[in-house]
Protein chains: 2
Amino acid sequence: MSEEDKGTEELIFEAAQTVFVQKGFDGTRMEEIARVAGINKSLLHYYYRTKEKLFNAIFKKAFSYFMPKVLSTISSDLSFDEKIKIFTATYVEVLLKNPHIPIFILNELNRNPDNAAQMIGELTGIAQNDTFGKFSALIQEEIDKGNIRSIEPEQLIVNLIGLCIFPFAARPIVQGIVFKNDKKRYNEFLEKRKTEIANFVLQSIKIEK
Amino acid sequence: MSEEDKGTEELIFEAAQTVFVQKGFDGTRMEEIARVAGINKSLLHYYYRTKEKLFNAIFKKAFSYFMPKVLSTISSDLSFDEKIKIFTATYVEVLLKNPHIPIFILNELNRNPDNAAQMIGELTGIAQNDTFGKFSALIQEEIDKGNIRSIEPEQLIVNLIGLCIFPFAARPIVQGIVFKNDKKRYNEFLEKRKTEIANFVLQSIKIEK
DNA sequence: AAAAAATTTAACCAAATGGTTAAAAAATAG
DNA sequence: CTATTTTTTAACCATTTGGTTAAATTTTTT
């Protein structure tokens, strides 16, 4: 394989990403991927033998955006407050750059949990490191130290992640119904979320006020 | 049409709901709906002429679970705190009974926003009443009265709804990764959410502490 | 320039799918 | 009982789709 092969392979990969992420596995047609990539179906199969193989490659990459290394912020030596602030801000920033990822991942995870689990298992990080376990422990420490009020660590973790992901996964609802299709206000709303989420969460759990 | 017609029509409707909600529009096969309903394809088309018509009927009903009348709690004469508590508790209860609805709605909304918007428009309530506008006004009043801290009403509304919906839409993640497939702990977690969400939110926005 | 690899073209295939049709059988209504 | 409606059966159809094949052309490597 030459260097330019990566050019074509990458071209196909990006086209596949565009189509799969927008339309899901069932809604995606191989021909459309080829069309978007500006090549033909034969070449598509020449690089990725089956739809499944291509999809799985896309899924893995998409998942790395969905559960980004941002979670490693937890293992840094920042203060708890800073960790929350940086985690949420960075997470929202990542999602602002990949706004279609959440609904894609959530849907495919739901559609074919077994295959998805397999793909996630093949990724390094996330599942292996037990990042959430560490996060739980960190929260429990803060509670024990009296820095935050008592709360089940899992509830707090799901709140944090949910507050970041939800406005993206539910964009048509939030933009359409809450903001009556005013895209500008919806985008300003998302921008503010970068700091708003940490604010909201910390106000809820901090003890001194 | 006789009375028993409704029996068969309802049978088909329920089978369609089961399949569509689990597999989405693209992933659903008409034959599977017929199989689940215990009838044959011909009879299916005899009642609902096309896949689209059947789907749209299902979508409308599902959406009424996704955005339930619970939102009318807002217009009641309860105290603000009570409104939040009852809204979140009832919403989580509704979703516990229809756990697959969120991801179904979010995905179909994303897949075909125009058709979804049309269907939502044909429903009474929700879109017409500007429930969210009223909710915003209510929140702003509470801020002006000094009962809760300053916050953009839309941020608070999205937080509330997101905290309710997210654990259902992201079940495979929450159950699989956070709770390592311990279904029992995941279900206990959801049960606690009925009160936990209001707790979390009120702690964040209440002024006296 | 020769060999190897990449790309295109186009025809082709089998399976799946949404939908139709028509005739027979069963159930229901008048 | 007769007429109507509902339901089944089964064959059928056109289209779509993922995938293959083979030959020709272009590009890259050596």
Side-chain angles (χ1 to χ4, degrees), chain A residues 1-60 104 107-108 111-112 114-116 118-119, chain B residues 1-60 104 107-108 111-112 114-116 118-119:
Chain A
M1 300 182 189
S2 69
E3 293 149 33
E4 273 312 291
D5 280 354
K6 278 186 185 170
T8 301
E9 207 173 324
E10 187 60 21
L11 198 71
I12 292 173
F13 191 86
E14 277 164 22
Q17 192 163 19
T18 304
V19 182
F20 272 131
V21 167
Q22 264 181 34
K23 311 200 168 178
F25 183 85
D26 291 326
T28 292
R29 300 288 94 102
M30 293 297 270
E31 284 232 34
E32 187 175 0
I33 294 177
R35 211 188 60 223
V36 171
I39 58 157
N40 54 48
K41 207 170 54 161
S42 296
L43 194 59
L44 221 179
H45 288 288
Y46 179 80
Y47 278 96
Y48 297 87
R49 279 217 291 276
T50 66
K51 190 183 183 184
E52 279 76 14
K53 281 193 208 305
L54 183 50
F55 174 81
N56 285 340
I58 302 298
F59 182 87
K60 282 188 192 176
F104 168 71
N107 192 50
E108 295 303 330
R111 189 187 64 89
N112 193 345
D114 293 338
N115 184 60
Q118 170 107 19
M119 291 307 113
Chain B
M1 300 186 189
S2 69
E3 292 151 35
E4 273 311 289
D5 280 353
K6 278 186 186 172
T8 301
E9 207 172 323
E10 186 61 21
L11 197 71
I12 293 174
F13 191 85
E14 276 165 24
Q17 193 164 19
T18 304
V19 181
F20 272 130
V21 167
Q22 263 181 35
K23 311 201 168 177
F25 182 85
D26 291 325
T28 292
R29 300 288 93 103
M30 292 297 271
E31 283 232 35
E32 187 174 359
I33 294 177
R35 210 189 62 224
V36 171
I39 57 156
N40 54 47
K41 206 169 54 159
S42 296
L43 195 57
L44 222 177
H45 288 288
Y46 179 80
Y47 278 96
Y48 297 87
R49 278 215 293 277
T50 67
K51 190 182 182 184
E52 279 77 13
K53 282 194 208 304
L54 182 50
F55 174 81
N56 285 339
I58 302 299
F59 182 87
K60 283 188 194 178
F104 169 71
N107 192 49
E108 295 303 331
R111 189 187 65 90
N112 193 346
D114 294 339
N115 184 61
Q118 171 108 19
M119 291 307 113

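When distances run from any side-chain atom of B:I39 to the nucleotides D:dT8, C:dA6, C:dG19, the shortest one goes to D:dT8. Comparing atom distances between the B:Y47 side chain and each of D:dT9, D:dT7, C:dG19 picks out D:dT7 as nearest. Relative to the side chain of A:H45, the nucleotides D:dT8, C:dG18, D:dG19 differ in distance, and D:dG19 lies closest. Minimum atom distance to the side chain of A:R29 is reached by D:dG18, of the listed D:dT9, C:dG19, D:dG18. When each of D:dT21, C:dG19, D:dG18 is scored by its nearest atom to the side-chain atoms of A:S42, the top-ranked nucleotide is D:dT21. Nearest nucleotide to the side chain of A:T50, out of C:dG19, D:dG19, C:dA6: D:dG19.
Rounded to a whole Å, the CG atom of A:L43 is 14 Å from the C1' atom of D:dT25. Nucleotide D:dT17 holds its P atom 10 Å from the NZ atom of A:K41, rounded to whole Å. The CZ atom of A:F55 sits 14 Å away from the P atom of D:dG19 (whole-angstrom rounding).
Nucleic acid contact for B:E52: sugar-phosphate only, since backbone atoms but no base atoms lie under 4.0 Å from a heavy atom of the residue.
Within a 6.0 Å radius of NZ in B:K53, other residues, nucleotides and ligands contribute 12 heavy atoms or fewer.
In terms of modelled atom types and a separation under 3.5 Å, the side chain of B:K51 and the main chain of B:F25 share a donor-acceptor contact.
Results of the side chain to side chain contact (heavy atoms under 4.5 Å, CB included) test with A:I33 over A:I58, A:V19, A:I39 single out A:V19 as the only residue that passes.
The aromatic rings of B:F55 and B:F20 stand perpendicular to each other, their planes meeting at an angle above 60°, with 30° marking the opposite boundary.
The phosphate of D:dT6 has OP1 or OP2 within less than 4.0 Å of a side-chain N or O from B:Y46.
Within the shown strands, C:dA1 is the pairing partner of D:dT30 under the Watson-Crick or G-U definition, both distances less than 3.5 Å.
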